[in-house]
Structure formats: structure tokens, C-alpha cells
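All chains are named by letter (A, B, ...) in the order of the sequence lines, taking the proteins before the strands, and each is independently numbered beginning at 1. Predicted model, so just to flag it, every value in this text is computed and none were measured.
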Amino acid sequence: MGCVKRLRTAPFVGWALFSAAGSVNNPGMKLTKEQLLVNYRKMRMIRSFEEKLNELVNSGRLGGFLHLSIGQEAVAAGVCAHLSERDYVSTTHRGHGHCIAKGVRVKGMMAELFGRSTGLCKGKGGSMHIADMDQGMLGANGIVGAGIPLATGAALTCKLKKTGGVAVAFFGDGASNQGQFHEALNMASNWKLPALYVVENNGWGEFTPTEFVVPVRDIAVRADSYAMRSAIADGNDFFDVYEKAGEAIAAARAGEGPTLLECKTYRYMGHYVGDPLAYRPPGEVDRWKNEHDALTGFESRVKADGVIEDMELRRIDEEVVEELSAAVADAENDPVPAVEALYEDVYAKE
Amino acid sequence: MGCVKRLRTAPFVGWALFSAAGSVNNPGMKLTKEQLLVNYRKMRMIRSFEEKLNELVNSGRLGGFLHLSIGQEAVAAGVCAHLSERDYVSTTHRGHGHCIAKGVRVKGMMAELFGRSTGLCKGKGGSMHIADMDQGMLGANGIVGAGIPLATGAALTCKLKKTGGVAVAFFGDGASNQGQFHEALNMASNWKLPALYVVENNGWGEFTPTEFVVPVRDIAVRADSYAMRSAIADGNDFFDVYEKAGEAIAAARAGEGPTLLECKTYRYMGHYVGDPLAYRPPGEVDRWKNEHDALTGFESRVKADGVIEDMELRRIDEEVVEELSAAVADAENDPVPAVEALYEDVYAKE
Amino acid sequence: MAREIPTALAINEALAIAMASDPDVILMGEDVAGGGRREAEGTEEAGGIMGITRGLMTRFGPQRVLDTPISEMGLLGTAVGAALTGMRPVAELMFIDFLGVCLDPLLNQAAKLRYMFGGKACVPLTVRTVTGAGMQSAAQHSQSLYWITAGIPGLKTVIPSNAYDAKGLLLAAIRDDDPVIFCEPKGILFDSSDVPEEDYVIPIGKAAIAREGKDVTLVGMGATVKMALQAADKLAADGIDAEVLDLRSLAPLDEAAILASLEKTGRLVVVDEATPRCGIASDVAALCVDRGFDFLDAPVKRVTAPHTPVPFSSLLESAYMPSADKIVAAVRKLG
Amino acid sequence: MAREIPTALAINEALAIAMASDPDVILMGEDVAGGGRREAEGTEEAGGIMGITRGLMTRFGPQRVLDTPISEMGLLGTAVGAALTGMRPVAELMFIDFLGVCLDPLLNQAAKLRYMFGGKACVPLTVRTVTGAGMQSAAQHSQSLYWITAGIPGLKTVIPSNAYDAKGLLLAAIRDDDPVIFCEPKGILFDSSDVPEEDYVIPIGKAAIAREGKDVTLVGMGATVKMALQAADKLAADGIDAEVLDLRSLAPLDEAAILASLEKTGRLVVVDEATPRCGIASDVAALCVDRGFDFLDAPVKRVTAPHTPVPFSSLLESAYMPSADKIVAAVRKLG
Ligand SMILES: Cc1ncc(C[n+]2csc(CCOP(=O)(O)OP(=O)(O)O)c2C)c(N)n1
Ligand SMILES: Cc1ncc(C[n+]2csc(CCOP(=O)(O)OP(=O)(O)O)c2C)c(N)n1
Ligand SMILES: [Mg+2]
Ligand SMILES: [Mg+2]
């Protein structure tokens with residue numbers, strides 16, 4: 001009887017697995033300067049967007065439950081860099097970053113978060129349901145795991161309609177304990193669907209450390225249950241995510257079926273804005289921030305390679321801040337929905 | 001990126017994996033003659049009980065939906081040989097065999113199937129819900145996969161109350177595609193519960209071959225997703241099941257946590273009594289019957305070992321037939337429930 | 001041209017017509033193709049546990065008739081995702097009892113996506129599912145849980161009472177741009193009625209008068225329409241002229257038709273195979289005592305299953321189900 | 001001795017009393033211990049998303065306060081299995097909206113085991129779950145789905161309207177030998193009322209008169225009792241003396257109390273946070289028009305949420321929810 005050893009996550013050191021950096025190839029080889037700047041801009045936008053949200057909620061200007069992905073920007077950017085409009089993405093309660101990376105405009109997102117009729121969902125969805133069907137963004141989702149079969153269905157559409165598209169489901173380590181994960185991955189592998197399952201292992205599900213509830217160290221091993229390809233990426237290293245997601249998406253487009261890609265990363269902020277965070281050991285977050293931040297890492301890499309100059313990045317930083325200020329100002333001035341909107345959009349014809 | 005090869009079940013030859021018989025040790029070493037006879041009796045009883053049911057339904061004397069486990073007797077007997085009253089078992093729609101092997105009396109079962117007030121469930125449960133709490137039999141279950149968390153909860157009770165008991169969930173290959181399987185096994189492994197998960201891979205889920213819907217050859221590999229021990233047994237070989245289940249149950253009792261035990265077997269009959277079976281290739285079942293039958297195999301093994309004589313087995317066969325005839329006669333004469341019974345047993349106090 | 005065919009066949013016919021007329025229509029479910037080793041000689045596709053989808057895989061190919069694993073949550077969730085992105089899937093949930101393992105894709109996804117996305121999503125999903133008791137299938141395979149789907153805003157739920165309606169309602173459901181739960185009551189699956197070969201739809205949201213009458217309204221749905229008609233015959237012998245209203249659609253509910261009939265008769269009995277709490281029967285009664293208050297000449301009675309699980313014993317199961325006699329008794333109580 | 005404490009704390013207190021008095025009582029759920037690296041210095045257990053179970057793991061140990069993975073189906077199914085074999089588990093379903101991923105252990109297991117096993121099974125399970133809107137949590141975290149559990153034979157469902165009731169009803173639920181769904185409405189979780197420190201139970205199945213009156217009965221439950229009381233105050237200013245009935249228990253429903261109040265007042269409005277179809281409000285109205293027909297002087301009005309998902313925008317969310325003003329308007333309509 002084969003007794004499998006129980007491996008547990010070594011606390012705080014998810015990324016240390018990659019410290020040798022052997023898996024990171026030269027970014028210059030694959031990405032043009034323009035692409036690098038686009039992706040830096042996306043990551044910066046995600047971070048600044050969410051920092052702004054944090055500020056807005058804490059100062060009482062914004063309501064609702066918001067889950068921030070600060071710290072995990074490289075996953076969203078690295079994966080979505082391979083996607084275009086024919087491709088689909090589904091995400092979770094922590095989905096702002098994936099929206100931005102998929103090309104959803106922050107103006108519509110901000111208006112949505114402010115509950116305005118100009119919001120992407122006319123103010124009816126909010127943070128947990130932001131969607132943009134025009135961009136193939138199948139929505140944030142308030143039900144942990146529910147986005148996984150949605151993306152699987154989108155992949156089925158791509159396959160049956162032969163669009164050449166792929167569908168990506170982003171979800172957390174916690175979601176990999178949901179039945180929906182199991183059922184959907186089995187079906188996707190069985191049908192060789194053009195799908196990519198990206199599990200962002202950020203070490204926590206709400207207030208519970210992943211290792212308290214998941215007896216395996218790597219979520220990626222779960223792919224074997226479905227004879228599915230898998231890979232592990234350093235989720236705080238844009239280039240590593242970019243490379244591994246690229247391989248998986250290419251395979252999916254080539255009809256070789258889906259992949260489970262685990263990205264080891266970390267959630268800087270609380271589970272939601274307002275979370276007192278008393279359950280988290282002090283210092284844990286600082287190590288990630290100081291030693292393995294996605295943005296800092298990207299910046300030093302591209303600077304070290306001499307591709308990009310500091311000034312270029314700082315200009316982007318400023319543009320992002322300006323765009324966000326404008327988005328907030330617009331959103332605050334945009335109209336609120338008419339009460340009748342409450343009754344609309346329940347059914348196709350009313 | 002580690003590309004896992006997609007292995008598919010080679011049709012019809014599940015058991016051929018074991019043909020070298022290297023995994024089967026000398027039964028005489030572990031089982032006394034008396035134990036061998038007890039287990040032969042159980043297997044014979046399961047088969048004769050279900051053959052009788054088949055006959056009763058086909059002749060219109062019995063109603064309801066019945067799922068027969070003929071061909072799979074060695075799994076029930078081999079596992080339950082290690083259990084006593086402090087242990088729990090949950091099973092499926094195809095559960096008669098597990099009940100009998102766990103020690104449930106056929107008289108009460110037969111009365112239940114006839115819908116009599118003397119039945120184990122007063123005629124309210126029927127084949128898909130036969131249970132006997134006194135024997136630790138937590139019920140057949142009409143919901144594929146639902147027995148898995150029930151046994152998990154029973155294992156939690158054993159652990160918290162320190163009873164020394166274990167809980168066994170029997171279920172099919174099809175059930176291993178249910179979310180409940182995934183969620184329960186993860187929890188059980190995480191908590192190191194004294195549980196055994198027995199998946200009877202009989203090659204079919206209703207009318208669909210397992211290999212059409214499961215991309216891995218061995219369900220057992222799914223244990224790795226939970227850092228759980230696993231083993232594969234020849235489900236038509238009582239001795240192999242006995243040995244592997246024994247190891248797993250001993251480990252569970254010793255606090256080493258659960259095991260996923262896959263038993264490769266075959267369903268001789270249709271999915272339910274009355275199934276026209278037009279979807280099954282002719283000849284498939286005959287190979288199993290002729291070349292790898294659980295009862296025939298057991299019989300030749302114990303005879304070859306010189307432990308038991310033909311006469312002894314034939315006497316058991318006769319006793320079983322007599323017991324069953326009596327059970328049917330009793331059940332047919334037993335009283336039907338009073339109409340008021342319809343309203344009873346919904347809540348504890350009425 | 002109409003022929004007498006059973007409901008099961010009428011459903012098969014509707015599926016074939018829908019698939020032939022729209023390449024985006026696909027079937028998904030456990031055993032819908034019906035497994036079978038298709039290459040092997042001498043085997044046939046089973047076409048689902050009731051044989052309803054038999055022949056469709058052979059005709060439309062395995063790309064459009066997809067056998068799934070026993071994974072209802074994954075299957076329905078995938079169907080929702082496919083519907084959201086341009087397909088028109090018809091998913092089979094073998095028995096409505098299995099809602100227990102797959103409610104989320106309906107409750108929190110299909111039903112809500114259009115609304116949550118501000119009207120910018122469309123989920124043209126149909127879920128076919130067998131409902132009801134009467135086959136000694138016991139507590140987990142005999143429920144009439146359509147009250148759960150009918151209660152969820154964003155979903156539609158329809159239930160035919162005969163083969164003709166089954167075909168027309170299913171075609172309407174498949175072509176509807178909203179998620180529709182199509183119930184297939186055991187009690188009528190193998191009953192036959194005249195069904196035209198042609199393509200036709202029965203509008204969702206409209207009830208039908210199955211029998212005109214002036215003394216009392218019997219509201220039925222699915223298999224209870226037949227019981228109500230039998231009850232009406234019995235009542236006619238006593239000089240009571242009952243109108244039978246077949247809801248056809250449980251959500252949206254045809255409130256106008258119920259109120260119009262009540263206005264005419266002043267008396268109403270609603271007959272439902274489901275359990276009594278939080279069901280369609282209560283909704284109908286509540287409508288009567290709200291907007292129909294001025295029409296009411298007597299209490300509104302509900303003939304439903306009792307507040308118990310479905311028992312296995314055939315004797316108890318018969319006592320469990322509504323029947324023409326129980327309806328007659330309820331009408332007599334109205335005085 | 002009674003002190004004023006919020007409902008959330010009263011629930012915590014009930015759990016502590018139940019655990020202290022019965023070693024078979026265990027808690028299971030996501031974050032119920034609240035994670036935290038317990039060894040590490042300076043960290044605290046979170047005690048669930050609402051902080052309700054804070055301190056219990058520290059007091060009773062991790063063997064009795066079990067953090068589960070995000071696996072509601074597995075967690076509830078495991079709780080059912082534990083209950084069936086001698087434990088008395090209190091499982092937390094973080095929000096009732098998540099019923100979508102875990103209905104089966106309630107619908108087809110907990111609710112039916114006793115019946116299917118001919119009375120020989122006992123499932124003393126309690127499921128605590130947060131219900132209702134009002135926190136801008138949008139469509140998937142704001143539902144009042146207790147009508148689903150109330151409609152299932154074999155389950156009981158209770159909902160307190162204040163801190164005092166929360167403690168007593170929860171203790172009754174935990175000690176009940178049947179599976180009980182205990183709803184924790186958002187609207188009252190942080191309201192305070194006088195709560196004795198002692199152990200006491202409030203019987204399941206009995207409604208309470210929250211305010212006596214003679215002109216009209218306002219039936220409320222959970223957070224709508226507060227709204228009904230506010231409405232009663234407004235109506236009093238107009239000389240209308242409203243009685244407010246707090247259902248406390250949704251299943252079993254205290255039919256006698258509803259009918260007795262209706263008999264007294266002749267007029268009834270039922271107020272429910274849930275959507276209108278197949279809900280408690282319809283059941284109450286249907287009861288009135290059946291067994292209460294002779295008492296009725298006016299239509300029975302239902303003040304509920306509309307048949308839509310819950311919107312995000314706070315403006316729309318307020319318009320979505322019942323309110324004292326809507327109740328007053330409904331009463332005025334009775335004429
Ligand atoms: C089905 C379901 N269960 C529980 C929750 C409550 N919940 C929201 S987020 C969350 C944690 C999710 O953890 P993970 O999947 O790791 O994602 P992360 O928050 O870390 O990004 C939980 C338990 C939910 N929304 N849906
Ligand atoms: C949740 C659920 N889905 C579907 C069914 C219908 N059904 C009953 S048995 C069965 C096949 C089960 O296959 P498997 O688990 O391999 O067990 P076997 O019948 O082969 O013993 C199916 C699909 C069910 N009872 N419950
Ligand atoms: Mg996480
Ligand atoms: Mg099988």
C-alpha cells in the first residue's frame with residue numbers, strides 16, 4: 001500500500017521555491033518593450049485601483065464588500081497577456097485585477113463600485129459581480145468555485161464553435177476544495193477543452209491558513225486526478241507566470257486540452273476591506289512585500305536588463321493615478337439608478 | 001510543464017491487472033476455516049438474495065427500483081470481514097451486498113423490499129434506503145456520492161468519542177466524479193479520520209462506460225489530491241480485497257488516517273432490474289463470469305488449499321436458499337403498514 | 001399531421017426539431033447518449049434513464065449529445081457557461097431530487113447573471129428533469145421540487161400535463177432567452193395524446209382551460225391536471241360543473257387566468273403533487289385572498305402531498321399522492 | 001441576570017452554554033475557529049466572518065471547534081453523519097445563499113433519514129446561517145432562502161427577531177432531536193436587547209405576540225418584526241391598533257397563533273424579507289383563506305421583496321427591502 005507522505009506548506013516561503021530563479025527566462029527574449037510597458041501598466045493599475053478603493057472605503061465614501069488582490073497582480077497580468085477578445089475569463093470575489101488585466105475599463109468598474117447607473121452592471125452587480133461580456137469577462141463571482149464551471153462552459157463553446165478561443169478560470173486555493181472544482185476539471189480534461197485553470201494559492205482562505213485545511217502542499221497535484229497537465233509558477237514573478245501560462249494556453253489552443261496552473265502568491269491586505277487582521281502573524285506580510293513583491297520584482301528585472309528606464313515607469317505611475325482620479329470623480333458625479341431599474345433585467349422580455 | 005499521460009481503462013480487463021496473483025497471500029495464513037466459511041456464506045447469500053430479487057421482480061411479485069451487485073460480492077465480504085458492530089458502513093443504491101456483509105439480517109431486508117411494516121424501515125425506505133442503525137449500517141443511499149460524507153461524519157464521531165471504530169463508505173466509480181467525494185476525502189485526510197473509502201470500479205455508471213467519463217484509468221490516483229493513502233485491489237478476489245482492506249482499516253484504527261481503496265470489479269446484471277442492457281457489448285459479461293467470478297474463484301482457492309470440501313460449501317448453498325425462501329414467505333405474509341404510518345417518523349416528537 | 005404518441009416521445013421529437021433547426025442547441029447529461037460501446041456491434045444507445053433521448057446521438061453526433069460524468073453541479077455549471085457564451089444547451093437533470101447537488105448553477109448563476117450584469121448577459125439554458133411520485137422510487141427519487149425553481153427570480157419553470165403540451169412547451173423553453181426548468185412528471189410520461197409532427201410552441205406564462213365550468217375552479221399542473229379532470233367528471237355526476245385550469249407555467253404564473261376563472265366560479269381548489277409548505281398551491285391561494293378577495297365565495301382548499309418524505313411502500317405512496325377522490329372531497333368541503 | 005447585549009453575542013453565549021453542558025456538541029464551519037496561526041504570538045482567532053464564534057475555540061479546544069475547508073457540501077454531509085452516530089453538531093453555513101452548493105445533505109439526508117429508516121435514525125443537527133439583505137452584499141450574499149428549508153418535510157427552521165430570542169431559540173435548536181436551521185438575520189445581528197445570563201430555551205414551533213392590538217394583525221419574522229413594530233407605532237398615530245405576531249418558527253408554523261390573531265382582528269398583513277414566490281408569506285395567506293376564511297374582513301396582503309435578485313446599489317437595495325412605510329401602505333389598502 002503506497003503511503004503518500006503528507007507535505008505541508010512551509011509557512012511564508014511559497015515563493016522561496018523559486019528563489020533559484022532557474023525557471024525565469026529572459027523577458028527580453030519574448031516580450032517587446034511595448035509589451036513590457038503594457039503589462040507594467042496593468043499591474044500598476046491593479047494595485048493603484050485597489051489602493052484607491054481601500055482609501056475610499058476607509059474614508060466612508062464607498063460601501064459594499066470589497067476583496068483586494070494587492071500583491072497578486074503578476075498572476076492576472078501574466079496570464080491575461082496571452083488573451084484577446086475571443087477569449088474568456090471567469091473570476092472570483094477577488095476579481096478586480098483579472099478584470100483590469102483582461103482589458104475591462106476602470107471607468108466602468110469604478111462607476112459600478114459606486115453603484116451608478118453608468119457602471120458596467122448599471123450598479124446592480126457591485127464588486128463581487130463586475131462583468132463585461134464585451135471583453136469576454138464572465139464576471140466576478142460571490143460563490144467560491146462557481147466561476148470554474150462557467151469558464152468550462154465557455155471553453156466548450158470555443159471548442160464547439162471552433163473559435164480558436166480559450167477560457168481561463170481564476171480562483172483561490174480555497175476554491176480548490178469545492179466540489180465544483182473537481183467536477184468541472186474532470187469534465188474539461190475528459191473533453192479536452194481549451195481551458196486554463198489558474199489557482200492563486202495565496203496562503204489563506206478568509207482567516208484560515210491554507211495548510212490548516214488542505215493536506216497537500218501543492219494544489220497542482222490535483223490535476224493528476226483528471227489526467228490533466230499541471231504546472232506551478234511563482235505567482236509574484238510576472239515572467240514565470242507569463243511563460244507557464246503561455247505554454248498552457250498554447251496547448252489549449254492546439255487542442256491538447258486544459259492545464260491546472262498553480263501560482264504561489266500572497267494576499268497583502270485583509271480578506272475584505274475592514275478586516276481587522278488580528279489572526280495574521282505580524283511580519284508575515286512584510287516579508288513578502290520587502291523580499292518578493294510583484295511590482296518591485298518586475299521593475300528591477302526590466303531595469304537590470306536595461307530595457308526600460310525608471311522615468312518611463314514613473315510616467316506610467318502618474319498616468320495611472322490620474323486616470324483613477326478621473327474615474328473616481330466621474331463616478332461620484334454619475335447618476336444613481338432610477339428605482340424602476342430594480343425591476344428590470346430579471347428576464348429577457350419584461 | 002509536466003504533461004501527464006492520459007491512461008484509459010483497457011476494456012474488459014480490469015482484473016487482468018492482477019492475473020499474476022502476486023498480491024494474493026495464502027488465505028490459510030490469516031483466516032481460519034470458520035472465517036472462510038462465514039465469508040463464503042456471506043458471498044453466497046448476497047448472490048442468492050439478489051438472484052431471488054431478480055426473479056421476484058421479473059415475475060411481478062415485487063415492485064420498486066432494484067440495483068443488483070451480483071458479481072461484486074467479494075468487495076463487500078472482503079472489506080466487512082474486518083468490521084464489527086462498533087464500526088459503520090454507508091453504501092449506495094447498489095447496497096444489498098454491503099448490508100448483508102455488515103451483518104444485517106435478510107429477513108428484515110426482504111420484508112422491507114416487500115414494503116411490509118416488519119421491514120427494517122417499516123416499509124418506508126425500500127431498496128435504496130435500507131438501513132440498520134443497530135448494525136452500524138448507515139443506509140443505502142439514492143443520491144450518488146451522498147454516503148461518502150455520511151461515513152466521514154461517522155468516522156469523526158469515532159475519533160471524537162474514541163470508540164476505536166472505523167467508518168467505511170462503499171461507492172461506485174461514477175460517484176468518484178461527484179463533488180461530495182472530493183470534499184469529504186479532503187476533510188477526512190486533513191483530520192486523519194478513521195475512515196475507509198472503497199470505490200467499486202465496475203466499469204459502468206448506469207449505461208455509460210467509466211472510460212467515457214473518467215480520464216484516468218485508476219480512481220485510486222485521486223487519493224493523492226488529499227495526501228491520502230491508496231491501494232488497488234482485485235475486487236473479484238476476496239483474498240486480495242481482504243488483505244488490502246485489512247491493512248487500511250488497521251491503519252485507520254491506529255490513527256494513521258483514511259485510505260482510498262479501489263476495487264476493480266464488474267456488474268453482471270443491468271443497472272437496475274428490468275434494464276434491457278442493449279448498450280452493453282455481448283460477451284463482455286461472460287468473460288468475467290467465466291474467467292474471474294468472485295464465488296468460483298474463492299471456491300477453487302479454498303478447495304485447492306485443501307481447507308474446505310465441496311460438501312461443506314454445498315451445504316451452505318442449501319442453507320442460504322432455505323433461509324431466503326423462508327424470508328420471502330414471511331415477507332409475503334407480513335402485514336402492510338397502516339396508512340397512519342405515512343405521517344409518522346417525520347420528526348422526533350409528533 | 002397529428003398522431004397519438006406518449007409524452008416521452010413528444011419530448012424526443014421536440015429535441016430533434018430544436019436541434020435540427022438550430023445548430024447551437026446541444027444536449028448534455030448523464031447517459032443522454034446512453035453510453036454503449038458505440039463502436040462495438042450489436043449495441044444501442046440507451047438515451048437516458050427513461051429512454052427519452054434515444055436516437056439523438058446517432059442522428060446529431062456525439063459533439064452535440066454529450067454524455068457527462070455523474071457530476072450534476074459541474075454539468076449544470078458548464079451548461080450555464082456555454083449558454084452565457086452563445087450555445088443553447090439543453091441539460092438533463094435525471095430527477096429533480098438531484099437539485100440537492102446542483103442548485104447553485106441555477107440559484108446563483110443562471111437565475112442572476114442577467115440581473116447582476118445589468119442586463120448584459122443572456123442565459124438561454126433549458127433544464128429537463130423528471131418530477132413526481134408513483135413508481136415506488138421512494139424518498140429521494142419522487143419529489144416535486146419545482147417550487148424551489150419557481151420561487152427563484154430569474155428562472156422560469158414549466159410543466160406539461162400531456163404529450164401535446166410537452167412538445168410545444170419544450171420547444172418554447174429551448175428558444176426562450178431565459179433559463180427554463182422543464183419538468184417531466186412521471187405520471188404523464190407514458191400517457192399518449194395527439195401530437196402534430198410539425199414544429200409548434202406553447203407560450204410560456206399562459207395557463208390553459210382544460211375544461212370549462214362555472215361552479216368551482218380546479219387548478220392543476222402536470223400530473224394533477226388528469227386527476228382534476230377525473231374529479232370534474234365525478235363532480236358532474238353530482239351536478240357540480242367544475243372548470244379545470246392547467247397552469248402549464250409555474251413561473252411566471254398566469255395570475256390573470258387564475259383570477260378570471262375564480263371570478264367566474266367563486267370557488268377554487270388547487271391540486272399539487274408537491275408537499276404543502278412554500279409551494280405553488282400556497283401561491284395560488286395567496287393570490288386568491290389578495291387580488292381575488294372580492295370573488296371568493298368559499299375558502300380556498302389545497303390538495304397536496306402531506307408534509308412528509310415520499311414513502312416506499314406502494315400502499316403508502318398511493319395514500320401520499322393527490323387523487324380525484326381527494327379533490328372531490330375538498331370540493332365538497334367548500335359547501 | 002439580564003444585560004443588554006447584541007444578538008451576535010447572545011448567539012455566542014448560547015453556543016458556549018450548549019457546549020459546556022453537553023460534550024457531544026461540536027462546532028464545524030469555515031473560519032469558525034477563525035484560523036489564525038494559533039501558535040504564533042500576537043494573533044487572535046477570528047471566530048467566523050461575523051466574529052460570532054470568537055473565543056469558543058480557545059475555550060473548548062480545536063477538537064470541538066473545527067475549521068473546515070471551503071467545502072459546504074462535505075461539511076454539512078459530514079455533520080449529518082456525525083449527528084446520525086451520536087454527536088450534536090452545530091454547523092455554520094456562512095450565508096444561506098450558499099445552500100446552492102450544499103442542499104443535498106439537508107434536503108435528501110438530514111430531512112429524510114429518520115423517515116426513510118422507519119424512525120430508527122436521529123439527526124440532531126443545527127445549521128446556523130446568516131440571512132437577509134441590507135449590507136450592500138449584492139445578489140449572492142443577501143438572500144432570505146429560509147423558504148427552501150421551511151418547505152422541506154423533516155427539517156425545522158427558526159428565525160429570531162432579537163437577541164433574547166436568538167439565545168433561547170438556538171439553545172432549543174441544539175437540543176432538539178431533529179435537524180434545525182437557525183437563521184441569523186443581518187438586520188438584527190448587531191441590535192441589542194436584554195438577555196439573561198442563564199440557560200433558557202424558547203420552544204420551537206410557537207409564535208410570540210410582540211405587540212397586542214385589535215384592528216389588524218402584522219405577521220413578521222426575523223428582521224421584519226422590527227419593521228412591523230415601527231409600522232404599528234405609525235398606525236397607532238392614525239388610531240389603528242395593530243397586533244404584531246413574531247413567527248419565531250417558520251417550520252413548524254404556529255398556525256393556531258396566526259388564526260387566533262386573525263380571529264381577533266379580521267385583517268392580516270404578512271411581512272417577509274424573502275422574494276414573493278413560494279414563501280412563508282404565501283403560506284400564511286393560504287392558511288388564512290383556508291382555515292381562517294370566516295374571520296377575514298379584508299384581503300390578506302403580503303409585503304415582501306420583489307421577484308428579483310438583490311441589487312448592489314444601496315439605493316436600489318433599500319427600495320428592495322420591506323419597510324415600516326410599505327407595511328403602513330399595505331394596511332391602508334385593506335380599507
Ligand atoms: C461557496 C462559498 N463558500 C464560502 C464563501 C465565503 N468566502 C468568500 S471568499 C472565501 C475565501 C476564499 O478563499 P480562496 O478561494 O483561497 O480565495 P482568496 O480569498 O484567498 O482569494 C470564503 C470562504 C463563499 N463566498 N462561497
Ligand atoms: C446525484 C445523483 N446523480 C445521478 C443519479 C442516478 N444514478 C443512480 S445510480 C447511477 C450510476 C452510478 O454509477 P456508479 O457510482 O459507478 O455505481 P454503480 O451503479 O456502477 O454501482 C446514476 C447516474 C443519482 N441517483 N444521484
Ligand atoms: Mg486563498
Ligand atoms: Mg460503476
Spatial distance of atom OG (Ser314(D)) from atom CZ (Phe114(A)) [nearest 0.5 Å]: 11.5 Å
Ile49(D) vs His271(A) side-chain heavy atoms within contact, under 4.5 Å: yes
Top contributor to chain D interface from Gly142(A), Ala341(A), Ala146(A) [non-hydrogen pairs under 4.5 Å]: Gly142(A)
CZ on Phe312(D) to OG on Ser127(A), rounded to 0.5 Å: 7.5 Å
Part of Glu317(D) within contact of chain A (heavy atom distance under 4.5 Å): neither
Closest-packed option against chain D by number of heavy-atom pairs under 4.5 Å, given Gln178(A), Lys124(A), Arg116(A), Met128(A): Gln178(A)
Side-chain (Ser71(D)) to main-chain (Asn177(A)) donor-acceptor, under 3.5 angstrom: yes
Spacing of OG1 belonging to Thr308(D) relative to CG belonging to Asp345(A), to within rounding of 0.5 Å: 10.5 Å
Minimum side-chain heavy-atom gap Gln140(D)-Asn141(A) below 4.5 Å: yes
Min side-chain heavy-atom separation Pro306(D)-Leu342(A) under 4.5 Å: yes
Minimum side-chain heavy-atom gap Pro69(D)-Val214(A) below 4.5 Å: no
Any donor-acceptor pair under 3.5 Å from Glu44(D) side chain to Tyr279(A) backbone: no
